[in-house]
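Have a look at the structure below before the remarks.
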Amino acid sequence: RESRATPTGTLRINAPPFAARSPVFTELLLEYARRYPDMHVDLVTEGQLRDIVAEGFDLGVRVASLIPSDMIALSLGESQRFAVVASPAYMAERPRPLVPTDLLGHVCIRVRLPDGSLYRWHFEKGGDTAQVEVSGPMTFDELAVSRAAVLAGCGIGFFFEQDVIADIKDGRLVRLLEDWTPPFPGLCLYYPGRRHPSAGLAAFLALARERASATTASR
């Protein structure tokens, strides 16, 4: 009982880069570090899906739809959302897109996925969905480069809201097609149910449940 109250050792976590940047996940990690200073957190960020059991991870972080069916999932308590953005300078010379297909007449910054394929921008409104294969002279797989290109007026970009919300609030970027980018189920922790969790993992999951409950209660 004492060892579970003060866990020691290493907690290995696998997460995609956007999840690692998520404030809700970052704050969870920092609070865990404060509460359990004898634990070492080893976070590996990569875009490709991994078999966390085969590769020795204690848990992973993914959006709910990508979690394997044989894993136990635990929601982090916050939804996520996409944001379509452009610089004021870019929009000053062009018509504002009103529906997703209007993007076909614009210069867009394309997104390359970890498997090498190009991401088709996904939209949804009132039960209708659309996937648009945008075009443009630039294709990136790195958030910082894509954001810099959009800020420089090179075209329209597609991001997770959390990565550009400060730019939107400060007027550096203009949000487009907001009614076509509704919230969707957010990040979840996942881990194998057939294993008895270590003290460090059990403490991390308990803290995640505590913070998710607090988030839900505050809404």
With the 4.5 Å side-chain cut-off for hydrophobic clustering, are [X] and [Y] part of the same group?
{"X": "Leu76", "Y": "Leu66", "value": "yes"}
{"X": "Leu29", "Y": "Leu189", "value": "yes"}
{"X": "Leu74", "Y": "Met71", "value": "no"}
{"X": "Ile156", "Y": "Val150", "value": "no"}
{"X": "Val164", "Y": "Phe160", "value": "no"}

Under 3.5 Å, is there a donor-acceptor pair between the side chain of [X] and the main chain of [Y]?
{"X": "Ser117", "Y": "Leu113", "result": "no"}
{"X": "Asp102", "Y": "Leu98", "result": "yes"}
{"X": "Asp167", "Y": "Leu173", "result": "no"}
{"X": "Gln162", "Y": "Phe18", "result": "yes"}
{"X": "Arg112", "Y": "Gly116", "result": "yes"}
{"X": "Asp170", "Y": "Arg172", "result": "no"}
{"X": "Arg62", "Y": "Tyr190", "result": "no"}
{"X": "Tyr90", "Y": "Val107", "result": "yes"}
{"X": "His106", "Y": "Gly136", "result": "no"}
{"X": "Thr26", "Y": "Ala20", "result": "yes"}

* Measure from NZ or CZ of Arg35 to the centre of the six-membered ring of Tyr32 and say whether it is under 6.0 Å with the direction within 45° of the ring axis. => no
* Strictly by modelled atom types, are Asn14 and Glu46 linked by a side-chain donor-acceptor pair under 3.5 Å? -> yes
* Which class fits the ring pair Phe204 and Phe25: parallel under 30°, tilted 30 to 60°, perpendicular over 60°? ->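 Because their plane-to-plane angle is over 60°, the rings of Phe204 and Phe25 count as perpendicular.
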* Asked: Are Phe158 and Tyr119 close enough that their ring centers fall under 6.0 Å?
  -> yes
* Could you walk me through whether Arg12 and Glu55 pass the salt bridge (Lys or Arg N to Asp or Glu O under 4.0 Å) check? -> CA-CA 10 Å; Arg12 298 194 70 226; Glu55 300 194 26; over 6 Å; no
* **Stepwise side chain to side chain contact (heavy atoms under 4.5 Å, CB included) check, Gln80 with Val63** => CA-CA 9 Å; Gln80 288 195 287; Val63 293; 3.9 Å; yes
* **Full working for side chain to side chain contact (heavy atoms under 4.5 Å, CB included) between Leu118 and Val111** => CA-CA 6 Å; Leu118 294 177; Val111 179; over 6 Å; no
With a 3.5 Å cut-off and sequence neighbours excluded, list the donor-acceptor pairs that the side chains of residues 123-135 form with protein atoms.
residue	atom	partner	partner atom	Å
Lys125	NZ	Asp179	OD2	2.8

